[in-house]
Amino acid sequence: MQPPFRRLLVANRGEIALRVMRACGELGIETVAVYSDADAGALHVAAADRAERIGPPAAAESYLSADAILAAADRAGAEAIHPGYGFLSENADFARAVVAAGLTFVGPPAATLAALGDKLAARRSAAGAGVPIVPGLTVPLDDGEAALDLADVGFPALLKAAAGGGGRGMRRVDRPEDVAPALAAARREAGAAFGDATIYLERLLAPARHVEVQLLGDRHGNLAVLGERDCSVQRRHQKLVEESPAPGLTAAQRDALADSARRVAGTVQFDNAATVEFLLDGGGNHYFLEMNTRLQVEHGVTELVTGLDLVAWQIRVAAGERLPEAVLHAEPRGHAIEVRLYAEDPHHDFRPVPGSVGAWRMPGGPGVRVDAGVGADTMLPSEYDPLLAKLLVHDVDRPAAVARLRRALDETLIGGVQTDLSFLHWLVDEPGFVAGAYDTDLVADRWADGPPVSAEDEALAALVAAEARLAGISSSPGRADAPAARPWAEAARRAALRERPGAPRR
Amino acid sequence: MQPPFRRLLVANRGEIALRVMRACGELGIETVAVYSDADAGALHVAAADRAERIGPPAAAESYLSADAILAAADRAGAEAIHPGYGFLSENADFARAVVAAGLTFVGPPAATLAALGDKLAARRSAAGAGVPIVPGLTVPLDDGEAALDLADVGFPALLKAAAGGGGRGMRRVDRPEDVAPALAAARREAGAAFGDATIYLERLLAPARHVEVQLLGDRHGNLAVLGERDCSVQRRHQKLVEESPAPGLTAAQRDALADSARRVAGTVQFDNAATVEFLLDGGGNHYFLEMNTRLQVEHGVTELVTGLDLVAWQIRVAAGERLPEAVLHAEPRGHAIEVRLYAEDPHHDFRPVPGSVGAWRMPGGPGVRVDAGVGADTMLPSEYDPLLAKLLVHDVDRPAAVARLRRALDETLIGGVQTDLSFLHWLVDEPGFVAGAYDTDLVADRWADGPPVSAEDEALAALVAAEARLAGISSSPGRADAPAARPWAEAARRAALRERPGAPRR
Amino acid sequence: MRIGDRSVTPAAGWTLTWLDREHGVVRLSDGRRSRLALVEGVGAEWVVTIDGRRIEVAATTWRERVLADADVAARAHGGPIEVKATLPGLVVAVTTTEGAEVGEGDALVTIEAMKMQNEVRAPRSGRVAHVAVAAGQPVAAGALLLRIE
Amino acid sequence: MRIGDRSVTPAAGWTLTWLDREHGVVRLSDGRRSRLALVEGVGAEWVVTIDGRRIEVAATTWRERVLADADVAARAHGGPIEVKATLPGLVVAVTTTEGAEVGEGDALVTIEAMKMQNEVRAPRSGRVAHVAVAAGQPVAAGALLLRIE
């Protein structure tokens, strides 16, 4: 096969940059990495054929700088740019600038990004196409009329940013009179995050499940609907675990979701990859949330059940290729689950934890896939998202996939920082999750900050520490620049803080 | 699901022991490792719930000692024994002793091992069931009558051990008068390897392809035929690369292979996993070679295309479970390739290389599976097979799978010892292999000892060495027991030997 | 061995095998099942990770413990406390002023790091004697934010 | 830089980045494509692995080279040569005897290791002065097998 492009620039970092480069490697495309000063030694730089510096650590001056990235593409002679997810991936101005520079943007057309990037406008379009939307406003909330026409919305409700995503600018309000004060905070956060402080209001559907449908389209009018993913395990309205197929859906519910996703895509001129997100209520009714016009973090779940390489197809359709019948009518097989490994402390509100990774042991063997952005002794720049890696499993059905996930977690070790692995260990034995009976309240309702350490685990920890002291082990013997020593210093500082009587223990 | 057994002993080492333990972990079965003194620090010991020493390094006194293994099973309270491949896996006496001790042998019945372990008897049975066999003798070759009835066989021919396997006891003879002298050597090797010096003669089919069919049966008479694997990339009659489906087979040829495999299985009382091996001549006709009554090294190729866990099913049918319809009628999807990573020097007749692994970087991302028996800084005991790991890829079709394999190899690094990675890098660009047009002569005809190092690679090596010297790097700085330093000493010794004018350069 | 403020007896009946001394990887087995664990630290201060959870263990001698207790008591009851940034980031809000009386747990400063806004709260009640940062200012981990008397 | 008996000039136009100094992992890039490589060794003697192939490179100074050449010459033309086991294993056959004249490349001893039979051949012609092993005897790597004069 002739490579779709000669050279492609990946305008991202971490695991997704590596993911895109792997697809390029298989397609015979040369890769260009971009990096901020915080990432000069990052894995995605090492994996590329060529690397271009784009600025200082602050994302606004590097990974979010369209100018810096276009200049890098020019220097490197790239023919196409893949934006990954986050950063500039849904930025219509950037997509337009890429095309204006004579390059190919690997993603939907700029006009589509613009149309669907306005979540409010997308709500109106979806409703117009006959797709059920979450009850609430279809116009922005003005400061003055905050208490006005909210009676129909129903409470509790959610303030949401029209330019939103990733849970930012989102606030829960339980009564109409709470809207005004929460609105100020939501506006501030949205303005800072997106440069657009437009806020609207939706009813908070709970209990509900978060289910999304994967779309892949070419530039010849073909659209593949590649099944759904359940992403209900969330903290801060951000996903931690995703699986496909969604547990317990009837065939009719699945078909209805696919039909709604098609209708939403039909409201715009669509090609490349996108995801239509829905909430499912207790009765199995679905409501359109938003459409993400980019690759999702959790695309690998769909790759495992369909056997397709979504990133390779993004690149191929961007080069004008037609989707073949095998893609348009791909049948899912088995069950896939992804868990995200984050440098976050699940025992303290999933707070991001700065530091360096120490030991790094990932699982292997049948039905296990790891997409990692870091390795042993990798520094974690505090400027970016704390996602370390994605661990995916695939097996014939959900019980087998859960058992495989449990086995894979048992093989996994990450040193240096607290991660959400402790939460994931708990999750694979949580009766509701094991039964596939869970919703977006799972983390808040059943985990909170997690159970206390068991007596057995404390006794084992004491045993290990005693043996380590006896064995004369230290964090990283014989290495002067010992990055793994730093997390310990951090831990000691936190321990000292906690020992102080009266210190807050959240 | 109730675990099929409470505790299972894995009577093997290396990657296959880890593979079986992973299946046990997912089934909820506690695992018992066995180890010789050479393996006390091996990965398979670390992966088990419990480990039992079974003897000194020599395999005959440890992994081949039925008594030592049964004693270990008794001490550990194991309910079942999985033999892996090699060692005692096809030993009918061992299978009988396991059952006599009140334990379950995870494999076909002992009588089946006995019947199919005699390769000559198996040839007769297969012929009797209407399956074409490789032309040649169906009775042992006597020393006296060596030159007698060989006219029909046709030359060149192969001397083969009736108790054989793994290429041992095998000798090529080009003319009838060469049989007598070669017979003595073949007898000696077979006697030493199997304790049985019975030799027979088959015509050497060349060019030919080695294609085998995977079988899985339960104890209720159900038999699943799980597609074929092409294993034609061989050195010393031992496999290096396997793929499924076999390239270029017609549907009729595939059906005929499956039918023959069923017939061979029908000559015995069969359950559990086995593989029927065939040669395919240039006309696509197949000839029965032998039936291996155990898990094959390359079972993962079939797991990738069928989505099934063959090892888990071995254990489940051994516990009496029925194979469900989904297994009996599993449909293959996509194309899978396995390459074996060996501590062997492909530039010197694939000679095993002793030493220690240094660096160890395995590939990841979509469609890549690694089953490894070693990691960074692992010592390689000289007593055992030099297989380090299996690298498997899966994609929608053969060209995509080859591209994925190339990408995965580019991510792979092994230090400390020469491995067959250099051969594999060559193979993925070899036009015949890329086209799927190759046979068992590929390695001998097209590789030999491989091409000389290219001028670019030599210049790059010089650059890296110069930079390493400048940077003050040494094999393993700051570590007193430095296992990675040893391979270097070995390399230096070999270099010294080679510098001596007149030293043989094989 | 101490975990938090309690004395913990090392588990009996388990054997420990070092898998990777450099990275502190160990295997624990009670003869029936085995678990992987990770240990990091030096001297008397260790972090042991089991099933993904970091457990802080003080392997202190009696003398070390007495000295540490005395130090903690001194910090809790007397003198000023310096409140420092526990992670590097950008100060986005300072919600107190010099001279203000704050209660234990009151929000003082908001730092944005890794796309998250993190509130720094008062470790004990007192009067804010000095505010060392302002909104919009980047801070390193360990940087002084303010002092409480 | 020397590879075998030839002098090799380090590649121009390629940049080298250290990915893992401890294990000698480097990335090479010419701005168009990149390759991973591994380097092991110390002092003047290095093994660089590229695309899975180990390439031995001598980073010698002029003085080191002269001394090494002199040593090699001495071993090739004068004195006895000790033939040693290059890998540990079991001696399965000794196919020469003390006093026998052997030619360069003649098989001397067969050692079984890793399930393979490996023949040890004469590095140069001469007379077998002493045989130190017998069939059935296990040998360590580096063990003396026999001496040729």
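Numbered from 1 within each chain, the chains take letters A, B, ... in sequence-line order.
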Please state whether the side chain, the backbone, both or neither of [X] comes within less than 4.5 Å of a heavy atom of chain B.
X: A:E15; value: neither
X: A:R404; value: both
X: A:P366; value: both
X: A:L27; value: neither
X: A:V327; value: neither
X: A:D395; value: side chain

Distance, nearest 0.5 Å, that separates CZ of A:R407 from CE of B:M21: 13.0 Å
Gap separating the CZ atom of A:R22 from the CD atom of B:E411, nearest 0.5 angstrom: 4.0 Å
Pick from A:P363, A:A312, A:A403 with the largest number of heavy-atom pairs that fall under 4.5 Å of chain B: A:A403
Leading residue by heavy atom contact count with chain B [cutoff under 4.5 Å; candidates A:T306, A:V368, A:L308, A:L304]: A:T306
B:V305, part contacting chain A, at a heavy-atom distance under 4.5 Å: backbone
Minimum heavy-atom distance between A:R333 and B:E331, given as atom pair plus value: NH1-O, 3.1 Å
